[in-house]
Amino acid sequence: MAIRTLGVIGAGQMGSGIAQVAAASELEVIMNDISSEFVDKGFGVIEKNLARMAEKGKISSEDKAAISSRIKGSTAISDMQGADFVVEAATEKEDLKLQLFSELDEICEQDVILSSNTSSISITRIAGATKRPQKVIGMHFMNPVPVMKLVEIIKGLATSAETYTITQDLAIALNKVPVEAHDFPGFISNRVLLPMINEAVYALFEGVGTAKAIDDVMTLGMNHPMGPLALADLIGLDTCLAILEVLYKGFGDPKYRPCPLLRKYVDAGWLGRKTGKGFYDYGS
């Protein structure tokens with residue numbers, strides 16, 4: 001199956017990154033979101049990324065223009081009828097994803113694979129919202145997408161071997177490294193990462209150390225490139241909370257219970273870098 005046009009649902013930090021990487025790999029891209037404001041913001045992020053790459057000599061000005069020209073904005077989900085493969089990168093809310101996949105199932109041609117960038121929600125459950133469960137798969141990119149090499153590929157219970165192979169080949173074509181994960185809550189990446197972040201929040205909550213002290217221990221003592229609290233701010237505290245709730249509900253194990261401090265920060269709207277304040281203050 002030839003994939004020439006990639007549909008991306010969501011123009012946020014993940015969706016815009018996926019769109020950029022696909023366009024850089026010479027695919028045509030339809031980048032969709034619910035409003036022109038969100039689509040324009042996504043284009044702004046892409047232009048900023050490409051400008052930085054051009055300044056560093058990683059791409060030419062001609063490359064920059066060509067990549068941008070391959071991405072078309074969209075606010076109508078019906079535009080996905082022109083896609084050969086779809087990656088859903090909407091907000092990490094199960095009800096929203098189920099609704100989107102039900103709509104995409106009606107809109108897209110029957111041979112089109114529908115993938116989700118979900119970081120924790122069951123692919124089997126998402127596939128159940130469609131009449132093509134054999135063509136539904138997880139394609140979990142890492143943030144920031146243009147930089148990080150990994151893509152977790154998750155098969156649902158009904159996902160076909162052909163769908164997996166096509167998705168794996170697409171990841172390689174996007175210059176990513178695909179790794180297979182089974183369909184358990186959090187898959188591999190977040191089943192390991194989020195409990196560490198949650199425990200770091202508990203350490204802060206209980207006064208074991210300051211945010212900087214906790215992060216310094218992990219960067220200087222454990223050789224992590226970024227501390228868990230700074231990483232949570234980068235991911236978005238609302239996203240971290242949503243993933244932990246999926247883990248807690250999915251496994252029923254108290255070790256995944258979200259720290260009350262994390263919930264309090266989300267309630268306050270302190271979501272990390274995207275709001276200017278989280279465990280650290282990023283100013284204006």
Side-chain angles (χ1 to χ4, degrees), residues 12-14 17-18 21 49 52 56 92 117-121 138-154 171 175-266 268 270-283:
Q13 61 182 355
M14 297 304 294
I18 295 166
V21 166
N49 289 342
R52 188 182 302 116
K56 293 180 177 179
E92 191 72 353
N117 183 57
T118 179
S119 51
S120 60
I121 299 169
M139 199 176 192
H140 180 209
F141 291 81
M142 303 295 125
N143 184 34
V145 179
V147 175
M148 303 298 281
K149 300 293 288 185
L150 176 70
V151 175
E152 272 187 308
I153 300 180
I154 307 99
N175 197 30
K176 300 300 181 185
V177 178
V179 172
E180 182 178 358
H182 290 189
D183 191 16
F184 287 87
F187 316 130
I188 296 172
S189 58
N190 284 318
R191 184 170 177 175
V192 174
L193 175 65
L194 263 296
M196 181 187 72
I197 288 176
N198 198 41
E199 197 61 32
V201 181
Y202 267 112
L204 181 66
F205 180 52
E206 294 167 5
V208 179
T210 64
K212 185 177 186 306
I214 293 165
D215 279 354
D216 282 350
V217 166
M218 298 308 292
T219 56
L220 303 177
M222 311 302 170
N223 203 30
H224 289 202
M226 181 180 289
L229 299 177
L231 180 56
D233 278 354
L234 177 63
I235 294 169
L237 304 194
D238 53 338
T239 300
C240 290
L241 179 59
I243 296 167
L244 281 164
E245 287 178 331
V246 168
L247 290 168
Y248 188 35
K249 179 182 178 182
F251 290 112
D253 191 325
K255 73 180 180 181
Y256 298 113
R257 182 173 68 92
C259 178
L261 183 63
L262 177 61
R263 203 177 293 279
K264 185 177 289 186
Y265 273 43
V266 172
W270 297 355
L271 307 182
R273 288 180 179 268
K274 60 187 173 185
T275 60
K277 185 173 178 60
F279 294 114
Y280 296 92
D281 191 339
Y282 298 93

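Heads up: numbering here begins at 1 and tracks the sequence. Any value given below was found using the heavy atoms of this structure, including those in side chains, with hydrogens, waters and symmetry copies removed.
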Problem - More than 12 heavy atoms of other groups within 6.0 Å of F184 CZ - result: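 Result for CZ/F184: open.
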Exercise for the section: Assess whether atom CG of D253 is packed by more than 12 heavy atoms of other residues, nucleotides or ligands within 6.0 Å. Expected result: yes
Between [X] and [Y], which heavy-atom pair has the shortest distance, and what is it?
X: T219; Y: M226; result: CG2-C, 3.6 Å
X: H182; Y: F187; result: O-CD2, 3.9 Å
X: I197; Y: A232; result: CG2-CB, 3.8 Å
X: A171; Y: I153; result: CB-CD1, 4.4 Å
X: Y265; Y: G278; result: CE2-O, 3.3 Å
X: S189; Y: E152; result: OG-OE1, 2.7 Å

Point-to-point distance, once rounded to the nearest 0.5 Å, from [atom1] of [X] to [atom2] of [Y]:
X: H140; Y: I188; atom1: NE2; atom2: CD1; result: 11.5 Å
X: K255; Y: N198; atom1: NZ; atom2: CG; result: 12.0 Å
X: K212; Y: L229; atom1: NZ; atom2: CG; result: 12.5 Å
X: K264; Y: C259; atom1: NZ; atom2: SG; result: 9.5 Å
X: L241; Y: L194; atom1: CG; atom2: CG; result: 9.5 Å

Between [X] and [Y] (side chain of the first, backbone of the second, donor and acceptor by atom type, cut-off under 3.5 Å), is there such a pair?
X: Y248; Y: I243; result: no
X: K149; Y: P178; result: no
X: N143; Y: Q13; result: no

Problem - side-chain hydrogen bond (donor to acceptor under 3.5 Å, both in side chains) between T239 and E92, intermediate numbers included - result: CA-CA 7 Å; T239 300; E92 191 72 353; over 6 Å; no
Handout entry: Intermediate values then yes/no, side-chain contact (heavy atoms from CB on, under 4.5 Å), M196 and M218
Key = CA-CA 11 Å; M196 181 187 72; M218 298 308 292; 4.1 Å; yes
Exercise for the section: Kindly determine whether Y282 and D233 satisfy side-chain contact (heavy atoms from CB on, under 4.5 Å), including the steps that lead there. Expected result: CA-CA 10 Å; Y282 298 93; D233 278 354; 2.8 Å; yes
Handout entry: Identified salt bridge (Lys or Arg N to Asp or Glu O under 4.0 Å) counterpart of D238 within the set R263, R273, K274
Key =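 Single salt bridge (Lys or Arg N to Asp or Glu O under 4.0 Å) partner of D238 among R263, R273, K274: K274.
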Practice task
Start with the C-alpha gap between M148 and F141, add the side-chain angles, then the distance that decides, and say whether side-chain contact (heavy atoms from CB on, under 4.5 Å) holds.
Solution key: CA-CA 8 Å; M148 303 298 281; F141 291 81; over 6 Å; no
Handout entry: Derivation of the side-chain contact (heavy atoms from CB on, under 4.5 Å) call for V208 and L204
Key = CA-CA 6 Å; V208 179; L204 181 66; over 6 Å; no
